[in-house]
Trainee: 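One structure coming up, written as structure tokens, with questions to follow.
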Number of protein chains: 2
Amino acid sequence: MSKFLSEKFKDLEPYTPGEQPQDKKYVKLNTNESPFKPCPGVMKALSEEAVSQLYLYSDPTANKLVEAIAEYYTNYVKENGKNFVISKENVIVSNGSDEVLAFIFNAYTDKDKGMACPEIGYGFYPVFCSLYGVPFKSIKIRDDFSIDISAFKGISENITIANPNAQTGLYLSLNDIKTLLSENKDRIIVIDEAYCDFGGESASVLLDEYENLIVVGTLSKSRQLAGGRVGFAIASKEIIQDLNTIKYSFNPYNLNRLSILAGVEAMKDVDYFNKTRKVVMENREYLKEELKKLGFKVTDSKSNFILVSTPKMGGKELYLKLKERGVLVRFLSDELLKNWVRITIGSKEQLNVLLKEIKEILGA
Amino acid sequence: MSKFLSEKFKDLEPYTPGEQPQDKKYVKLNTNESPFKPCPGVMKALSEEAVSQLYLYSDPTANKLVEAIAEYYTNYVKENGKNFVISKENVIVSNGSDEVLAFIFNAYTDKDKGMACPEIGYGFYPVFCSLYGVPFKSIKIRDDFSIDISAFKGISENITIANPNAQTGLYLSLNDIKTLLSENKDRIIVIDEAYCDFGGESASVLLDEYENLIVVGTLSKSRQLAGGRVGFAIASKEIIQDLNTIKYSFNPYNLNRLSILAGVEAMKDVDYFNKTRKVVMENREYLKEELKKLGFKVTDSKSNFILVSTPKMGGKELYLKLKERGVLVRFLSDELLKNWVRITIGSKEQLNVLLKEIKEILGA
């Protein structure tokens with residue numbers, strides 16, 4: 001820390017992202033990437049011609065990408081029995097979903113109105129609150145890690161919930177989300193759907209009814225673009241205006257040319273999206289069953305990862321033993337999760353390597 | 001604006017970036033892009049194989065890019081008679097230089113210590129101050145647009161100076177910068193060198209002497225990667241630590257995989273860098289002379305643009321007339337510049353189209 005740093009940041013504890021080792025090749029099941037390569041359209045769109053255009057600025061409105069996301073979600077709500085249009089004015093894109101989450105936390109919180117989140121969620125939420133110097137309220141969850149929405153009653157904060165949960169994979173029903181939206185009409189409710197495409201239903205179907213709803217998404221998990229850094233938020237036109245005010249006061253050209261191109265293709269190739277997420281969900285159920293056979297407790301995850309625990313050792317020990325053997329899973333430092341590790345649903349081959357190593361570690 | 005937006009942002013006026021029209025093809029001389037394509041190494045590095053890896057997260061430390069920038073500047077200071085090493089710990093990279101400028105303004109300002117800048121500079125600086133709710137102090141410049149460093153005497157703010165100036169192209173000598181650094185040792189001095197490669201000397205040669213110096217750079221102008229979004233800052237290890245604390249509390253994976261790869265190549269190909277900036281500087285002097293022949297006032301720019309003014313019409317009128325004819329230049333809304341337009345140094349062909357249209361407009 002330099003002596004120049006503002007007092008307000010003297011105690012700022014940054015987020016620790018999952019390891020991204022650059023040296024050694026691991027079976028990497030720690031940061032919830034897709035085991036699939038980007039869709040064929042991405043490969044085509046990022047042509048030599050496209051690369052040669054990098055000397056020109058990208059479109060700061062990322063118009064084509066915003067359009068593709070609006071179109072996907074308009075179709076989505078229609079297929080789910082609703083009939084309203086999600087237009088370009090309802091969408092903002094960002095440099096990964098972390099950036100738009102940061103904009104949201106900045107836009108709607110201040111010293112008098114912080115953010116409330118379930119005590120287990122995405123570890124970044126309290127960090128955003130520290131960054132902006134606003135209160136973070138941790139809301140108790142049940143012993144089985146499920147979210148008790150009645151615990152949000154009577155609070156005065158905005159609310160952010162990762163759904164499915166970013167650490168447990170548990171899914172909160174849209175009915176519960178509707179209750180939260182109805183009971184907190186004067187505050188923002190953020191539903192972070194990074195993992196929603198693996199078995200959840202998107203809260204975007206509620207956007208016609210609730211002006212306090214923001215749905216956040218990413219192309220990192222179900223659309224194979226973690227390394228392309230594309231996230232987005234969908235909300236009322238007024239909220240998207242707010243977020244654009246922040247964006248244009250922070251970094252107008254926040255998406256590079258190639259990520260915009262890749263994002264458009266990834267949103268448009270619905271077949272590839274469906275095919276790949278189906279495999280991930282099948283692999284998830286396979287891994288759940290296999291680990292249960294080995295005596296593991298396994299959360300009922302609707303995500304592309306599962307949270308697991310063995311009575312034979314703590315989470316950190318299992319994580320370290322697997323790492324030694326070249327398999328990277330995530331140990332989450334939260335006290336409540338000290339007996340658990342989070343495992344990304346990789347390819348069947350990767351999962352079989354994992355299972356083999358776990359059996360050897362446990363002597364099973 | 002939504003009714004939910006925090007009071008603190010009710011009056012936030014975002015930055016207006018230069019037009020990036022997506023519809024029509026212009027001779028685009030408004031946002032200081034390079035007229036050259038990225039170096040051959042970029043074309044090679046962004047291979048099909050590299051694109052296929054987009055399903056994996058990027059390296060949040062962007063280690064290879066940080067290394068390439070450190071190496072370039074270590075060589076630079078050596079070639080300029082200094083003998084110290086700029087190491088990886090002295091460098092942070094960002095999603096365009098706007099992002100690292102935003103981090104810097106956030107890290108070192110607060111309600112009691114704002115930022116002072118020359119009244120003409122990069123239009124984003126006051127916006128960052130609004131975003132963070134900190135005082136912006138505008139420092140008078142001379143009638144000829146040159147910066148009078150004695151005007152910074154006795155202020156209590158940090159100081160940010162674009163050098164060369166982002167609107168006039170005028171260059172402030174390292175001697176003047178040394179004076180500022182010496183006279184303000186308890187505050188941060190940011191030298192934003194977006195345009196420095198077109199005739200200025202980088203203040204990086206002073207990093208061994210001044211712990212309050214931050215040098216900011218971008219690969220958008222002299223390294224043909226405007227659409228790749230790569231910026232950086234160089235400073236003491238402690239300052240880089242500060243900025244990493246902010247980055248990891250905001251968006252750890254702030255650079256995508258392909259921009260990291262492209263950035264490494266662009267930093268390493270010093271021949272291409274030298275060859276292309278030489279052409280830009282030659283074209284600049286050519287354009288200066290031609291416009292002077294037409295009665296224009298022209299600033300002594302050391303950038304890849306010039307600021308020009310004709311007695312025959314105001315800046316806005318000239319901008320609009322050129323736009324009508326398919327040539328895009330930048331009219332800067334500042335009252336002091338109402339008679340001027342800023343013109344990017346494009347290719348010789350582009351400049352000749354510009355000159356032809358200007359002659360027709362002026363009836364010369």
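Every chain is numbered from 1 and lettered A, B, ... according to where its sequence line falls, protein lines coming before strand lines.
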Trainee: Between A/Lys3 and B/Glu238, is a salt bridge (Lys or Arg N to Asp or Glu O under 4.0 Å) present by the stated rule, with each step listed?
Mentor: CA-CA 8 Å; A/Lys3 66 179 184 182; B/Glu238 292 74 22; over 6 Å; no

Trainee: Counting C-beta onward and ignoring hydrogens, is there a side-chain heavy-atom pair between A/Asp98 and B/Pro252 closer than 4.5 Å?
Mentor: yes

Trainee: Check step by step if side-chain contact (heavy atoms from CB on, under 4.5 Å) holds for B/Glu48 and A/Met43.
Mentor: CA-CA 7 Å; B/Glu48 226 173 285; A/Met43 304 303 301; 3.5 Å; yes

Trainee: Based on non-hydrogen pairs under 4.5 Å, which of B/Asp110, B/Asp59, B/Asn254, B/Asn212 is most in contact with chain A?
Mentor: B/Asp59

Trainee: Side chain from CB out, backbone as N, CA, C, O: work out which of these in A/Phe36 comes under 4.5 Å of a heavy atom of chain B, or both, or neither.
Mentor: backbone

Trainee: Is B/Gln224 in contact with chain A via its backbone, its side chain, both, or neither, using a 4.5 Å heavy-atom distance?
Mentor: both

Trainee: Could you walk me through whether B/Leu54 and A/Leu46 pass the side-chain contact (heavy atoms from CB on, under 4.5 Å) test, one step at a time?
Mentor: CA-CA 11 Å; B/Leu54 280 177; A/Leu46 273 57; 3.9 Å; yes

Trainee: Please report the interatomic distance OH(B/Tyr57) to OG1(A/Thr31), rounded to the nearest 0.5 Å.
Mentor: 6.0 Å

Trainee: Which atoms of B/Pro21 come close to chain A, meaning under 4.5 Å heavy atom to heavy atom: side chain ones, backbone ones, both, or neither?
Mentor: neither

Trainee: Identify the two heavy atoms, one from A/Pro60 and one from B/Gln20, that lie closest to each other, and give their separation to 0.1 Å.
Mentor: CD-CG, 3.7 Å

Trainee: Checking ring-ring contact (aromatic ring centres under 6.0 Å, His included) for the pair A/Phe250/B/Phe250: CA distance, chi angles, key distance, verdict?
Mentor: CA-CA 12 Å; A/Phe250 178 82; B/Phe250 178 82; 4.7 Å; yes

Trainee: Just how far is it from atom CG of A/Asp242 to atom OG of B/Ser6, taken to the nearest 0.5 Å?
Mentor: 10.0 Å

Trainee: Relative to chain A, which segment of B/Phe9 carries a heavy atom at a distance below 4.5 Å: side chain, backbone, both, or neither?
Mentor: side chain

Trainee: Rounded to the nearest 0.5 Å, how far does OG of A/Ser2 lie from CD1 of B/Ile240?
Mentor: 10.0 Å

Trainee: Which one of A/Tyr132, A/Phe128, A/Phe105 has the most heavy-atom pairs closer than 4.5 Å to chain B?
Mentor: A/Phe128

Trainee: How far does OG1 of A/Thr276 sit from OH of B/Tyr55, to the nearest 0.5 angstrom?
Mentor: 13.0 Å

Trainee: For the interface with chain A, which of B/Val42, B/Leu219, B/Asn63, B/Leu131 has the highest count of heavy-atom pairs at distances below 4.5 Å?
Mentor: B/Leu131

Trainee: More than 12 foreign heavy atoms under 6.0 Å from CG of A/Asp186: is that the case here?
Mentor: yes

Trainee: Quick check on the interface: out of B/Lys221, B/Lys64, B/Arg257, B/Arg229, who has the most heavy-atom pairs with chain A under 4.5 Å?
Mentor: B/Arg229

Trainee: Please rank B/Ser220, B/Ala107, B/Ala262, B/Ser34 by heavy-atom pairs under 4.5 Å with chain A and give me the top one.
Mentor: B/Ala107

Trainee: Please determine, among B/Ser52, B/Pro17, B/Ser97, the option with the most heavy-atom pairs under 4.5 Å with chain A.
Mentor: B/Ser52

Trainee: Under 4.5 Å heavy-atom distance to chain A, tell me which part of B/Ser259 shows up: side chain, backbone, both or neither.
Mentor: side chain

Trainee: Would you mind checking which part of A/Leu255 comes under 4.5 Å of any heavy atom in chain B, side chain (CB onward), backbone (N, CA, C, O), both or neither?
Mentor: backbone

Trainee: If you compare all heavy atoms of A/Asn95 against all heavy atoms of B/Glu99, which two are closest, and at what distance to 0.1 Å?
Mentor: ND2-OE2, 4.4 Å

Trainee: Evaluate the criterion side-chain contact (heavy atoms from CB on, under 4.5 Å) for residue pair A/Tyr15 and B/Ser249; output intermediate values, then yes/no.
Mentor: CA-CA 6 Å; A/Tyr15 178 71; B/Ser249 303; over 6 Å; no

Trainee: Under 4.5 Å from any heavy atom of chain A, what part of B/Glu7 do you find: side chain, backbone, both or neither?
Mentor: backbone

Trainee: Which one, B/Ala102, B/Ser58, B/Pro38, leads in non-hydrogen pairs under 4.5 Å with chain A?
Mentor: B/Pro38

Trainee: For B/Glu89, does the CD atom sit with more than 12 other heavy atoms under 6.0 Å from it, leaving out its own atoms?
Mentor: yes

Trainee: Chain B heavy atoms under 4.5 Å from A/Lys185: which part of the residue, side chain, backbone, both or neither?
Mentor: backbone

Trainee: Just verifying a value: how many Å separate B/Leu5 CG and A/Ile239 CD1, rounded to the nearest 0.5 Å?
Mentor: 10.0 Å

Trainee: Under the criterion side-chain contact (heavy atoms from CB on, under 4.5 Å), I'd like the reasoning laid out for B/Leu12 against A/Tyr248: C-alpha separation, chi angles, the key distance, then a yes or no.
Mentor: CA-CA 10 Å; B/Leu12 179 57; A/Tyr248 282 93; over 6 Å; no

Trainee: Would you mind checking which part of B/Phe124 comes under 4.5 Å of any heavy atom in chain A, side chain (CB onward), backbone (N, CA, C, O), both or neither?
Mentor: side chain

Trainee: Tell me whether A/Lys8 contacts the main-chain N or O of B/Asn106 through its side chain, where contact means a donor paired with an acceptor under 3.5 Å.
Mentor: yes

Trainee: Return yes if some donor-acceptor pair links the side-chain N/O of A/Gln241 with the main-chain N/O of B/Met1 below 3.5 Å, else return no.
Mentor: yes

Trainee: For atom NZ of B/Lys25, decide whether the heavy atoms of other residues, nucleotides or ligands shown that lie under 6.0 angstrom number more than 12.
Mentor: no

Trainee: Relative to chain A, which segment of B/Arg187 carries a heavy atom at a distance below 4.5 Å: side chain, backbone, both, or neither?
Mentor: backbone

